[in-house]
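Single-structure report; data block below.
What you see is a predicted model, and the numbers here were worked out from it, not measured in a lab. As a basis for the values below, the full set of heavy atoms in this structure was taken, side chains included, without hydrogen atoms, waters or symmetry mates.
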Amino acid sequence: MRTPASPWADERCRAVRGEALQYVANGWGVVPGSVWNGRRYTLGHCPSFVDGLVPVTLSGRTLRSAREVWSWWSVAPYGVLIRAEEDVAVLTAPRSLVVRALKRHHPAIRRCPVILGPFGARLLVSRQTPLRKELRDDLLVGMMPATSCVALPPTKVPAGSLSWLRDPSELGYRPGNADAVQIALVDAL
């Protein structure tokens, strides 16, 4: 592994490392992911290109200790990934649907971490449950498959950076209730 080449890279490493450390400190395992360089994804610790946002470790194993996170994110501003179903399940939905549910002040959505990105919204919920029929009929709502890697903020992607609509730090890093969140989304349809 090499050290970052510029002060910008050092600053970005510190910022992303700080977030990755918070996730681990609160019980979420993380996986270092490829780095968006403004044109393509690279491995981060070397300029080799990769196809998309993927784990950069050969084993792809989840990191759970602050020491491991500190070591990895001191090298490059890796993407911060989690595996669906390891610590949380991930429900995907259109941004507009999630915003409508939030405007209705439904408590389940207000207590659920929500990531915004170019893909729409990802809601971090307690466990994977079958989608309610009303949501299954909407092809834009679904559950991320178990073990798939999901990027967390502040990971950079081609369209910018991911951000929190509902930040887990304000929610005690607890995922939302999967059934109640689905009911809130159905309500907002």
Side-chain angles (χ1 to χ4, degrees), residues 15-16 19-20 22-24 26-36 41 51-56 60 62-63 77-132 134-189:
V16 179
E19 291 297 317
Q22 282 301 311
Y23 297 137
V24 169
N26 285 282
W28 294 4
V30 296
V31 178
S34 47
V35 177
W36 179 252
Y41 283 103
D51 293 328
L53 188 53
V54 296
V56 297
T62 301
L63 308 179
Y78 294 110
V80 182
L81 309 177
I82 58 169
R83 290 195 192 289
E85 290 296 315
E86 262 189 22
D87 298 308
V88 296
V90 182
L91 178 65
T92 62
R95 174 187 291 218
S96 58
L97 178 60
V98 174
V99 169
R100 263 197 317 273
L102 278 167
K103 284 182 180 175
R104 290 175 177 246
H105 301 289
H106 200 291
I109 294 287
R110 294 216 166 274
R111 290 192 296 260
C112 182
V114 179
I115 302 167
L116 290 182
F119 46 74
R122 290 189 174 150
L123 301 97
L124 305 185
V125 294
S126 54
R127 68 191 186 296
Q128 186 162 347
T129 59
L131 277 178
R132 297 177 66 82
E134 302 91 334
L135 295 176
R136 260 195 327 267
D137 292 344
D138 183 339
L139 298 176
L140 298 175
V141 177
M143 294 295 283
M144 296 288 291
T147 73
S148 60
C149 285
V150 177
L152 297 178
T155 300
K156 284 204 171 280
V157 294
S161 290
L162 304 181
S163 62
W164 288 109
L165 178 61
R166 298 291 302 143
D167 193 314
S169 66
E170 298 167 2
L171 305 168
Y173 287 88
R174 287 184 301 276
N177 177 289
D179 295 322
V181 166
Q182 287 190 50
I183 289 168
L185 292 176
V186 168
D187 234 14
L189 280 175

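- Here the straight-line distance linking atom OG1 of T62 with atom CD of E86 works out to 3.5 Å at 0.5 Å rounding.
- At a threshold of 4.5 Å between non-hydrogen side-chain atoms, the residues L53 and C149 do not count as touching.
- E19 places no side-chain N or O within donor-acceptor distance of the main-chain N or O of P154, the cut-off being under 3.5 Å.
- No donor-acceptor pair under 3.5 Å is formed between the side chain of R122 and the backbone N or O of I115.
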- Using the side-chain contact (heavy atoms from CB on, under 4.5 Å) rule, take T92 and M144 through it: C-alpha gap first, then chi angles, then the decisive distance, then the call. CA-CA 7 Å; T92 62; M144 296 288 291; 3.7 Å; yes

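- Heavy-atom contacts from other residues, nucleotides or ligands closer than 6.0 Å to CZ of R174 number 12 or fewer.
- L123 contributes atom CG, which lies 5.5 Å from atom CD1 of I109 (distance to the nearest 0.5 angstrom).
- A donor-acceptor contact shorter than 3.5 Å is absent between the side chain of R100 and the backbone of L189.
- Residues L81 and G33 share a closest heavy-atom pair of CD1-CA, 3.7 Å.
- When every heavy atom of N177 is checked against every heavy atom of D179, the shortest pair comes out as OD1-N, 3.0 Å.
- Judged by distance alone, the side chain of W28 and the main-chain N or O of Y173 form a donor-acceptor pair under 3.5 Å.
- The two residues W36 and V157 make their nearest non-hydrogen contact at CD1-O, 3.8 Å.
- Here the OH atom belonging to Y23 is positioned 5.0 Å from the CG atom belonging to L152, to the nearest 0.5 angstrom.
- Of the possible donor and acceptor atoms, none in the side chain of S148 sits under 3.5 Å from a partner among the backbone N and O of A84.
- Between atom CD1 of residue I183 and atom CZ of residue R132 there is a gap of 4.5 Å, rounded to the nearest 0.5 Å.
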- Query: Given the rule in the side-chain contact (heavy atoms from CB on, under 4.5 Å) test, do I82 and D87 qualify, once you have shown the distances and angles that lead to the verdict?
  - Reply: CA-CA 8 Å; I82 58 169; D87 298 308; 5.7 Å; no

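- No side-chain heavy atom of V90 sits less than 4.5 Å from a side-chain heavy atom of V125.
- Counting only distance, with no hydrogens or angles, the side chain of R104 and the backbone of D187 share a donor-acceptor pair below 3.5 Å.
- Checking S169 against Q22 by side-chain atom types alone, no donor-acceptor pair falls below 3.5 Å.
- For S34 (side chain) and G52 (main-chain N/O), a donor-acceptor pair under 3.5 Å exists by modelled atom type.
- The shortest non-hydrogen separation linking V80 to T155 is N-OG1, 2.8 Å.
- Counting only distance, with no hydrogens or angles, the side chain of R166 and the backbone of R110 share a donor-acceptor pair below 3.5 Å.
- Minimum interatomic distance between V98 and A93 (heavy atoms only, all atoms of both residues): CG2-CB, 3.9 Å.
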- Task: Decide side-chain contact (heavy atoms from CB on, under 4.5 Å) for L102 and L165; before the verdict, give the C-alpha distance in whole Å, the side-chain angles of both, and the deciding distance to 0.1 Å.
- Result: CA-CA 10 Å; L102 278 167; L165 178 61; 3.4 Å; yes

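- Residues V56 and Y78 have side chains in contact (heavy-atom distance under 4.5 Å, counting atoms from C-beta outward).
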